[in-house]
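Everything below concerns the one structure shown next.
Keep in mind that what you see is a predicted model, and the values were worked out from it rather than measured. This chain uses plain numbering: 1 for the first residue, then up along the sequence. Atoms within a ligand are numbered from 1 in the order they appear, just like the ligands themselves.
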Amino acid sequence: MSIISTDLSKAVELLNNEELVAIPTETVYGLAGNIFSEKAVKAIFETKERPFFNPLIVHIPNIDYLETIVEAVPEKAKLLAEAFWPGPITLVLKKKSIIPDLITGGKDTVAVRIPNHPLTLDLLSKLVFPLAAPSANPFNRISPTKAEHVESYFKDKIKMVLDGGACKSGIESTIIGFENGEPIIYRLGSTSIEAIEAVVGTIEIKNKKEVAPEAPGMLERHYAPKTKTILTTNIAEAIETYKDLKIGLLTYNDILNDDAIAYKIVLSEGKNLEEAASKLYDALHQLDQQQLDIIIAEQLPDYGLGKSINDRLQRATK
Ligand code: AMP
Ligand code: MG
């Protein structure tokens, strides 16, 4: 029997019983549990096979809830929360002791956001606790953007995926920490740098493991298909190099037809970066199921969401 369901009251009941439910958000599906239940939080790490040093994002129902879980909120954090919540931006703030260490990997900060999905906002309003919800995929695998992706990963491990359709943004939230009150981007994501800078001015990016020890879990290899994947700015050349292999192609808007390509996905014929982001992970899931020898992925324009997509493709090809 399928674990996919739209039964909100069943999701509430499972979560109240310290069990896990996969939930839809605008970014990717999350594997959710009660942040105050040690049993549920441990189950999240175990189900994903995620290392305990990699902290979880806490999903809250509204801005007012912030003061329950964090100490002072820097001025620019307030501006960002007001501008983008509910939405795909995660703020890393000094935590109050109510937040268990298991959630934060022992750090004195907690990552928090309000997701923008009607079903999950409804769910959060019916619970008396926030939800810890990392992406609902095994550690290092491709993130799920459809209920079916979660089911294929976890049908034997969890009881329910709350079906909220395909995720609209399609890549993870942008994560922002604060150093001396100034915002720093720890992870590129579904909110573009340009949109963030329009609210708080020029912002520094520290999204590489070497420069961001504050953000554990920014792994070089992540979001990866099982099939060998390469990233290129020159598809024609890459096809020529690998023409003896069974090739899958992931392009932005390319119309190139080549007999050497066994399977091809175009992310956005109209060159729309939002559309490309929303389709990215489903495309990788599809390509990974075609028994290909190699996936050739085309690098996207390096601005707006293109930057975030390129970041994910780089981590998928390491
Ligand atoms: P996800 O797996 O998409 O839910 O993202 C969780 C990521 O958020 C982690 O891998 C960290 O990079 C980041 N993160 C979570 N909590 C913290 C924290 N307290 N400080 C810094 N980064 C955090
Ligand atoms: Mg993840």
message: Tell me how many protein N, O or S atoms are within a distance shorter than 2.8 Å of the Mg ion (ligand 2).
response: 1
- prompt: Any side-chain donor-acceptor pair under 3.5 Å between Glu26 and Ser190?
  reply: no
- request: May I ask you to decide if Ile295's main-chain N or O and Tyr242's side chain share a donor-acceptor pair within less than 3.5 Å?
  value: no
query: Hey, what's the ring geometry for His149 with His285, parallel, tilted or perpendicular (30° and 60° as the breaks)?
result: parallel
query: Does Arg50 approach ligand 1 within less than 4.0 angstrom via side chain, backbone, both or neither, non-hydrogen atoms only?
result: side chain
query: Can Lys95 be said to touch ligand 1, with heavy atoms closer than 4.0 Å?
result: no
field: Option whose closest heavy atom lies nearest to atom 5 (O) of ligand 1, chosen from Arg187, Arg113, Lys48, Glu172
entry: Arg187
task: Report the member of Ala111, Pro134, Pro55 with the shortest heavy-atom distance to atom 4 (O) of ligand 1.
output: Pro134
Atoms of ligand 1 close to Thr109 [distance to a heavy atom under 4.0 angstrom, numbered from 1]: 18 (C), 19 (N), 20 (N)
side-chain contact (heavy atoms from CB on, under 4.5 Å) between Ser268 and Asn253, intermediate numbers included: CA-CA 5 Å; Ser268 176; Asn253 69 315; 5.7 Å; no
query: Closer than 4.0 angstrom: is that true for some heavy atom of Thr104 and an atom of ligand 1?
result: no
- request: Give the single entry among Ile175, Ile99, Asn54 that approaches atom 10 (O) of ligand 1 most closely by any heavy atom.
  value: Asn54
From CA spacing to verdict: side-chain contact (heavy atoms from CB on, under 4.5 Å), Ile142, Tyr153: CA-CA 10 Å; Ile142 307 165; Tyr153 283 140; 3.7 Å; yes
field: Of all pairs that satisfy side-chain hydrogen bond (donor to acceptor under 3.5 Å, both in side chains), the ones with a partner from residues 59-88, not counting sequence neighbours
entry: Lys76-Glu182
task: Indicate yes or no for a side-chain donor-acceptor contact from Glu194 to the backbone of Gly304 under 3.5 Å, with no hydrogens or angles considered.
output: yes
field: Donor-acceptor pair between Gln286 and Asp282 side chains, under 3.5 angstrom
entry: yes
message: Between Asp293 and Lys228, does any NZ, NE, NH1 or NH2 come within less than 4.0 Å of an OD or OE carboxylate oxygen?
response: no
